[in-house]
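Below: the structure, in C-alpha coordinates.
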Amino acid sequence: RDLHSFPTRRSSDLFGGAAHWPTPQPETLSTLRDEAKRHGLVFVVHANALESWRTALDAHPDVIAHGIWQWDGDRMNAKPPPEVRDVIQRAARAGVAVQPTLQAVYGDLSIFDKSFLNNPRLAEALPHDIISYLTSDEGQAAQRAQTDEYRQAIAHLFGSNSIDPAKAMAVGPARATATLRMMSNEKVRLLFGTDTPANEGIGNPPGLNGRLELNLWAQAGVPLSHILRAATLDNAKAFGLSDRGTIEVGKRADLLLLRADPLKSIAAYDAIETILLDGNALPRASLLPTK
(Lines give C-alpha, C1' and ligand atoms only; values in the text may rest on other atoms or scores of the structure.)
Protein backbone atom coordinates (compact mmCIF):
# COMPACT_ATOMS: atom_id res chain seq x y z
CA ARG A 1 0.00 0.00 0.00
CA ASP A 2 1.35 3.42 -0.93
CA LEU A 3 1.07 5.79 2.03
CA HIS A 4 1.52 9.08 0.18
CA SER A 5 3.03 10.96 3.08
CA PHE A 6 4.37 13.82 0.99
CA PRO A 7 2.50 16.22 -1.27
CA THR A 8 2.45 15.49 -4.97
CA ARG A 9 4.51 17.79 -7.17
CA ARG A 10 3.16 20.76 -9.08
CA SER A 11 4.56 22.29 -12.25
CA SER A 12 6.66 24.77 -10.27
CA ASP A 13 8.22 21.98 -8.20
CA LEU A 14 10.10 20.52 -11.16
CA PHE A 15 12.82 23.15 -10.96
CA GLY A 16 14.04 22.37 -7.49
CA GLY A 17 12.84 23.64 -4.18
CA ALA A 18 10.55 26.25 -5.69
CA ALA A 19 7.40 25.50 -3.75
CA HIS A 20 8.87 24.39 -0.39
CA TRP A 21 5.94 22.12 0.42
CA PRO A 22 5.87 21.11 4.09
CA THR A 23 6.80 17.59 5.08
CA PRO A 24 5.05 15.63 7.85
CA GLN A 25 6.37 15.71 11.37
CA PRO A 26 8.51 12.70 12.38
CA GLU A 27 5.79 11.63 14.81
CA THR A 28 3.28 11.43 11.96
CA LEU A 29 5.54 9.29 9.82
CA SER A 30 6.39 7.10 12.80
CA THR A 31 2.69 6.46 13.42
CA LEU A 32 2.14 5.65 9.74
CA ARG A 33 5.07 3.24 9.77
CA ASP A 34 3.82 1.48 12.89
CA GLU A 35 0.30 1.17 11.51
CA ALA A 36 1.61 -0.17 8.20
CA LYS A 37 3.61 -2.82 10.01
CA ARG A 38 0.69 -3.69 12.28
CA HIS A 39 -1.48 -4.39 9.25
CA GLY A 40 1.25 -6.23 7.36
CA LEU A 41 1.58 -3.48 4.76
CA VAL A 42 4.63 -2.23 2.90
CA PHE A 43 5.52 1.29 4.08
CA VAL A 44 5.97 3.40 0.94
CA VAL A 45 6.82 7.08 1.30
CA HIS A 46 6.31 9.58 -1.52
CA ALA A 47 9.31 11.90 -1.94
CA ASN A 48 11.17 13.46 -4.86
CA ALA A 49 13.18 16.28 -3.23
CA LEU A 50 16.38 16.27 -1.20
CA GLU A 51 14.60 17.54 1.90
CA SER A 52 11.75 15.04 1.67
CA TRP A 53 14.17 12.16 1.06
CA ARG A 54 15.94 13.06 4.30
CA THR A 55 12.66 13.07 6.17
CA ALA A 56 11.59 9.83 4.52
CA LEU A 57 14.81 8.04 5.47
CA ASP A 58 14.40 9.17 9.07
CA ALA A 59 11.06 7.30 9.03
CA HIS A 60 12.74 4.00 7.96
CA PRO A 61 10.49 3.23 4.98
CA ASP A 62 10.51 0.04 2.98
CA VAL A 63 10.27 1.93 -0.31
CA ILE A 64 10.67 5.54 -1.47
CA ALA A 65 8.43 6.30 -4.43
CA HIS A 66 10.31 8.56 -6.86
CA GLY A 67 13.90 9.48 -7.42
CA ILE A 68 15.33 12.91 -6.63
CA TRP A 69 14.92 15.87 -8.97
CA GLN A 70 14.36 18.74 -6.56
CA TRP A 71 16.87 20.63 -4.47
CA ASP A 72 17.71 24.22 -3.60
CA GLY A 73 20.12 26.33 -5.60
CA ASP A 74 20.40 27.18 -9.29
CA ARG A 75 17.15 25.97 -10.84
CA MET A 76 18.79 25.55 -14.25
CA ASN A 77 21.67 23.40 -12.96
CA ALA A 78 21.06 19.67 -13.35
CA LYS A 79 24.23 18.54 -11.55
CA PRO A 80 23.37 16.98 -8.17
CA PRO A 81 25.08 18.63 -5.19
CA PRO A 82 27.09 16.51 -2.69
CA GLU A 83 24.10 16.44 -0.33
CA VAL A 84 22.14 14.40 -2.88
CA ARG A 85 24.85 11.76 -3.06
CA ASP A 86 24.84 11.66 0.73
CA VAL A 87 21.15 10.74 0.96
CA ILE A 88 21.50 8.21 -1.86
CA GLN A 89 24.37 6.53 -0.02
CA ARG A 90 22.28 6.60 3.13
CA ALA A 91 19.42 4.82 1.32
CA ALA A 92 21.86 2.20 0.04
CA ARG A 93 23.25 1.53 3.53
CA ALA A 94 19.75 1.26 4.99
CA GLY A 95 18.58 -1.15 2.29
CA VAL A 96 15.67 1.10 1.33
CA ALA A 97 14.23 0.32 -2.11
CA VAL A 98 13.54 3.15 -4.58
CA GLN A 99 11.15 3.50 -7.50
CA PRO A 100 12.90 6.17 -9.64
CA THR A 101 9.92 6.82 -12.02
CA LEU A 102 11.94 8.88 -14.52
CA GLN A 103 9.23 8.83 -17.16
CA ALA A 104 6.97 10.77 -14.79
CA VAL A 105 9.07 13.88 -15.44
CA TYR A 106 10.29 13.00 -18.93
CA GLY A 107 6.66 12.80 -20.01
CA ASP A 108 6.24 16.45 -19.05
CA LEU A 109 8.53 17.40 -21.92
CA SER A 110 5.65 16.67 -24.28
CA ILE A 111 4.05 19.90 -23.09
CA PHE A 112 6.60 21.80 -25.19
CA ASP A 113 7.58 19.09 -27.66
CA LYS A 114 4.65 17.57 -29.54
CA SER A 115 6.87 15.19 -31.50
CA PHE A 116 5.81 12.46 -29.08
CA LEU A 117 2.65 12.18 -31.17
CA ASN A 118 4.85 10.75 -33.93
CA ASN A 119 6.13 7.91 -31.75
CA PRO A 120 5.12 4.73 -33.63
CA ARG A 121 4.56 2.90 -30.34
CA LEU A 122 1.71 5.26 -29.54
CA ALA A 123 -0.59 3.48 -31.99
CA GLU A 124 0.00 0.25 -30.08
CA ALA A 125 -0.83 1.79 -26.71
CA LEU A 126 -3.78 4.11 -27.29
CA PRO A 127 -7.11 3.60 -29.08
CA HIS A 128 -7.16 5.16 -32.52
CA ASP A 129 -9.98 7.47 -31.48
CA ILE A 130 -7.79 9.06 -28.81
CA ILE A 131 -4.92 9.57 -31.24
CA SER A 132 -7.34 11.11 -33.73
CA TYR A 133 -8.50 13.55 -31.07
CA LEU A 134 -4.94 14.47 -30.06
CA THR A 135 -4.07 15.28 -33.66
CA SER A 136 -7.34 17.10 -34.38
CA ASP A 137 -7.77 20.86 -34.35
CA GLU A 138 -9.59 20.60 -31.02
CA GLY A 139 -6.89 18.47 -29.45
CA GLN A 140 -4.11 20.68 -30.76
CA ALA A 141 -5.87 23.78 -29.39
CA ALA A 142 -6.09 22.16 -25.95
CA GLN A 143 -2.39 21.33 -26.05
CA ARG A 144 -1.49 24.91 -27.05
CA ALA A 145 -3.54 26.24 -24.14
CA GLN A 146 -1.66 23.94 -21.78
CA THR A 147 1.67 25.04 -23.24
CA ASP A 148 0.75 28.70 -22.70
CA GLU A 149 -0.24 27.94 -19.11
CA TYR A 150 3.11 26.33 -18.40
CA ARG A 151 5.01 29.09 -20.19
CA GLN A 152 3.37 31.69 -17.95
CA ALA A 153 4.01 29.62 -14.82
CA ILE A 154 7.70 29.24 -15.68
CA ALA A 155 8.06 32.96 -16.41
CA HIS A 156 6.46 33.72 -13.04
CA LEU A 157 8.70 31.21 -11.26
CA PHE A 158 11.89 32.68 -12.70
CA GLY A 159 10.63 36.26 -12.64
CA SER A 160 11.53 36.65 -16.29
CA ASN A 161 10.18 35.98 -19.78
CA SER A 162 13.69 35.43 -21.08
CA ILE A 163 13.93 31.86 -19.76
CA ASP A 164 13.40 29.23 -22.45
CA PRO A 165 10.50 27.22 -20.96
CA ALA A 166 11.46 24.03 -22.79
CA LYS A 167 15.00 24.20 -21.38
CA ALA A 168 13.64 24.94 -17.91
CA MET A 169 11.27 21.98 -18.14
CA ALA A 170 14.17 19.72 -19.17
CA VAL A 171 16.06 20.32 -15.91
CA GLY A 172 13.90 17.93 -13.87
CA PRO A 173 14.39 14.97 -16.23
CA ALA A 174 18.14 15.62 -16.44
CA ARG A 175 18.33 15.63 -12.65
CA ALA A 176 16.30 12.44 -12.42
CA THR A 177 18.70 10.68 -14.79
CA ALA A 178 21.75 11.93 -12.92
CA THR A 179 20.43 10.75 -9.56
CA LEU A 180 19.35 7.36 -10.96
CA ARG A 181 22.89 6.90 -12.25
CA MET A 182 24.14 7.64 -8.73
CA MET A 183 21.68 5.15 -7.24
CA SER A 184 22.82 2.45 -9.62
CA ASN A 185 26.48 3.13 -8.86
CA GLU A 186 25.80 3.13 -5.11
CA LYS A 187 23.92 -0.19 -5.36
CA VAL A 188 20.56 1.18 -4.18
CA ARG A 189 17.79 -1.42 -4.48
CA LEU A 190 15.84 -0.23 -7.53
CA LEU A 191 12.23 -1.16 -8.20
CA PHE A 192 10.40 -0.65 -11.47
CA GLY A 193 7.47 1.76 -11.34
CA THR A 194 5.87 4.32 -13.63
CA ASP A 195 3.65 6.65 -11.59
CA THR A 196 0.88 6.15 -14.17
CA PRO A 197 -0.96 8.34 -14.89
CA ALA A 198 1.63 10.99 -14.21
CA ASN A 199 1.42 14.74 -14.52
CA GLU A 200 0.10 16.50 -17.58
CA GLY A 201 0.68 16.53 -21.31
CA ILE A 202 0.51 13.59 -23.69
CA GLY A 203 3.84 12.04 -22.74
CA ASN A 204 2.71 9.43 -20.21
CA PRO A 205 0.15 7.17 -21.89
CA PRO A 206 -0.70 4.18 -19.68
CA GLY A 207 1.20 1.06 -20.66
CA LEU A 208 3.62 2.75 -23.01
CA ASN A 209 5.22 4.90 -20.34
CA GLY A 210 6.37 1.73 -18.59
CA ARG A 211 8.21 0.73 -21.76
CA LEU A 212 9.71 4.22 -21.97
CA GLU A 213 10.80 3.93 -18.33
CA LEU A 214 12.83 0.84 -19.20
CA ASN A 215 14.63 2.78 -21.94
CA LEU A 216 15.46 5.63 -19.57
CA TRP A 217 17.01 3.24 -17.07
CA ALA A 218 19.18 1.72 -19.78
CA GLN A 219 20.23 5.16 -21.00
CA ALA A 220 21.20 6.07 -17.43
CA GLY A 221 23.54 3.07 -17.39
CA VAL A 222 21.56 0.69 -15.18
CA PRO A 223 22.72 -2.84 -16.12
CA LEU A 224 20.18 -4.83 -18.14
CA SER A 225 20.21 -7.61 -15.57
CA HIS A 226 19.26 -5.13 -12.85
CA ILE A 227 16.43 -3.75 -14.99
CA LEU A 228 14.99 -7.23 -15.48
CA ARG A 229 15.19 -8.00 -11.75
CA ALA A 230 13.67 -4.65 -10.81
CA ALA A 231 10.64 -5.33 -13.01
CA THR A 232 10.14 -8.91 -11.86
CA LEU A 233 11.73 -10.62 -8.86
CA ASP A 234 12.77 -7.58 -6.83
CA ASN A 235 9.36 -5.91 -7.11
CA ALA A 236 7.63 -9.14 -6.07
CA LYS A 237 9.92 -9.55 -3.06
CA ALA A 238 9.59 -5.91 -1.97
CA PHE A 239 5.80 -6.09 -1.92
CA GLY A 240 5.53 -9.56 -0.43
CA LEU A 241 4.13 -11.20 -3.57
CA SER A 242 5.62 -14.63 -3.04
CA ASP A 243 3.41 -16.19 -5.71
CA ARG A 244 5.11 -14.38 -8.60
CA GLY A 245 8.37 -12.77 -9.73
CA THR A 246 10.11 -15.96 -10.87
CA ILE A 247 9.23 -18.91 -13.08
CA GLU A 248 8.58 -21.82 -10.72
CA VAL A 249 6.07 -24.61 -10.34
CA GLY A 250 3.10 -23.39 -8.30
CA LYS A 251 3.59 -19.69 -9.00
CA ARG A 252 1.29 -17.47 -11.06
CA ALA A 253 1.97 -17.82 -14.76
CA ASP A 254 1.99 -14.12 -15.62
CA LEU A 255 4.72 -13.94 -18.23
CA LEU A 256 5.88 -12.14 -21.34
CA LEU A 257 7.44 -14.42 -23.95
CA LEU A 258 10.02 -12.45 -25.93
CA ARG A 259 11.71 -13.19 -29.25
CA ALA A 260 14.92 -11.53 -28.00
CA ASP A 261 17.11 -11.61 -24.91
CA PRO A 262 16.48 -8.70 -22.47
CA LEU A 263 19.92 -9.33 -20.97
CA LYS A 264 21.51 -8.34 -24.28
CA SER A 265 19.39 -5.39 -25.41
CA ILE A 266 16.68 -3.17 -23.97
CA ALA A 267 15.00 -3.45 -27.39
CA ALA A 268 14.04 -7.02 -26.46
CA TYR A 269 11.05 -5.61 -24.59
CA ASP A 270 9.63 -4.60 -27.97
CA ALA A 271 9.77 -8.23 -29.11
CA ILE A 272 6.77 -9.49 -27.14
CA GLU A 273 5.29 -12.50 -28.88
CA THR A 274 2.88 -13.98 -26.33
CA ILE A 275 1.41 -12.86 -23.03
CA LEU A 276 0.61 -15.47 -20.41
CA LEU A 277 -2.00 -14.13 -18.01
CA ASP A 278 -2.69 -16.52 -15.14
CA GLY A 279 -1.61 -19.33 -17.42
CA ASN A 280 -3.74 -18.32 -20.40
CA ALA A 281 -1.80 -17.56 -23.57
CA LEU A 282 -2.76 -14.37 -25.40
CA PRO A 283 -1.12 -13.45 -28.71
CA ARG A 284 0.24 -9.91 -28.45
CA ALA A 285 -1.64 -8.88 -31.59
CA SER A 286 -4.92 -9.70 -29.89
CA LEU A 287 -4.34 -6.93 -27.35
CA LEU A 288 -3.57 -4.13 -29.78
CA PRO A 289 -6.12 -1.30 -30.19
CA THR A 290 -8.69 -1.94 -32.90
CA LYS A 291 -10.40 1.45 -33.03
Side-chain angles (χ1 to χ4, degrees), residues 1-4 33 36-37 40-48 53 56-57 59-69 87-104 106 176-196 198 206-207 209-258 260-272 275-278:
R1 181 176 177 182
D2 188 344
L3 300 176
H4 273 58
R33 182 190 64 240
K37 297 304 180 185
L41 301 174
V42 178
F43 184 38
V44 182
V45 177
H46 181 287
N48 53 35
W53 258 59
L57 288 170
H60 307 292
D62 298 307
V63 180
I64 294 180
H66 301 308
I68 308 175
W69 53 78
V87 296
I88 288 173
Q89 291 176 337
R90 183 180 167 192
R93 290 193 300 269
V96 174
V98 176
Q99 295 174 321
T101 65
L102 270 67
Q103 184 57 30
Y106 270 91
T177 293
T179 54
L180 173 57
R181 188 174 293 117
M182 281 185 177
M183 291 178 210
S184 180
N185 291 339
E186 297 292 342
K187 305 297 189 292
V188 171
R189 286 201 301 138
L190 300 175
L191 301 180
F192 176 77
T194 65
D195 197 29
T196 305
N209 74 343
R211 175 64 186 87
L212 299 174
E213 179 79 8
L214 296 175
N215 263 16
L216 292 171
W217 284 35
Q219 291 167 14
V222 179
L224 294 176
S225 59
H226 293 186
I227 294 175
L228 179 60
R229 283 186 60 104
T232 53
L233 174 60
D234 289 347
N235 248 351
K237 290 172 64 176
F239 289 94
L241 303 174
S242 59
D243 65 337
R244 66 200 74 181
T246 57
I247 302 173
E248 298 180 54
V249 174
K251 289 194 174 184
R252 283 180 59 99
D254 292 342
L255 305 169
L256 299 178
L257 303 186
L258 308 177
D261 187 349
L263 298 180
K264 293 183 178 179
S265 171
I266 200 68
Y269 293 102
D270 286 325
I272 299 172
I275 296 91
L276 285 175
L277 185 60
D278 198 18

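Residue indices begin at 1 and follow the sequence shown.
Rounding to the nearest 0.5 Å gives a distance of 6.5 Å between CG of L256 and CD1 of I275. Note: I272 CD1 to L255 CG = 12.0 Å, rounded to the nearest 0.5 Å. For the atom pair CD (E186) and CD1 (I88), the distance works out to 7.5 Å, reported to the nearest 0.5 Å. Distance check: L102 CG to H66 NE2 gives 11.5 Å after rounding to the nearest 0.5 Å. Put simply, CG on L276 and CG on L257 are 5.0 Å apart, with the number rounded to the nearest 0.5 Å. Rounding to the nearest 0.5 Å places NE2 of H226 at 10.5 Å from CG of L263.
Side chain of S265 to backbone of A267: a donor-acceptor contact under 3.5 angstrom is found. When atom types are taken as modelled, the side chain of R252 and the backbone of D243 share no donor-acceptor pair closer than 3.5 angstrom. No donor-acceptor pair closer than 3.5 Å links the side chain of T101 to the backbone N or O of D195. Put simply, the side chain of D254 gets close to the backbone of D278: a donor and an acceptor are under 3.5 Å apart. Without hydrogens or angle criteria, N235 side chain to F192 main chain gives a donor-acceptor distance under 3.5 Å. When atom types are taken as modelled, the side chain of E213 and the backbone of Q103 share a donor-acceptor pair closer than 3.5 angstrom. Checked by atom type and distance alone, the side chain of R229 never pairs as donor or acceptor with a backbone atom of D234 at under 3.5 Å.
The number of heavy atoms from other shown groups lying within 6.0 Å of NZ (K251) is above 12.
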Worked check of side chain to side chain contact (heavy atoms under 4.5 Å, CB included) between Y106 and L212: CA-CA 9 Å; Y106 270 91; L212 299 174; over 6 Å; no
Full working for salt bridge (Lys or Arg N to Asp or Glu O under 4.0 Å) between K37 and D62: CA-CA 10 Å; K37 297 304 180 185; D62 298 307; 2.7 Å; yes
L180 and L190: CA distance, side-chain angles, deciding distance, side chain to side chain contact (heavy atoms under 4.5 Å, CB included) verdict: CA-CA 9 Å; L180 173 57; L190 300 175; 3.8 Å; yes
Chi angles and distances behind the side chain to side chain contact (heavy atoms under 4.5 Å, CB included) call for I266, W217: CA-CA 9 Å; I266 200 68; W217 284 35; over 6 Å; no
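Considering every non-hydrogen atom in both A238 and L191, the closest pair reads CB-CD1, 3.6 Å. Nearest heavy atom pair, residue F43 against residue A36, reads CB-CB, 4.2 Å. When all heavy atoms are compared, the tightest approach of T179 to I68 is OG1-O, 2.9 Å. Contact detail for S184 and G221: the closest heavy-atom pair is OG-O, 4.3 Å. The two atoms that bring A47 and I64 nearest to each other are O-CG2, 4.0 Å, heavy atoms only.
By the 4.5 Å heavy-atom criterion applied to side chains, N215 and Y269 are not counted as neighbours. When side chains are defined from C-beta on, V188 does not count as touching M182, because their heavy atoms never get closer than 4.5 Å. The shortest side-chain heavy-atom distance between Q219 and T177 does not fall under the 4.5 Å cut-off.
Side-chain contact of N185 with R181: a donor-acceptor pair under 3.5 Å is absent, judged by distance alone.
Residue W53 is tested with V45, V98, V96 for a side-chain contact (heavy atoms from CB on, under 4.5 Å); the sole match is V98.
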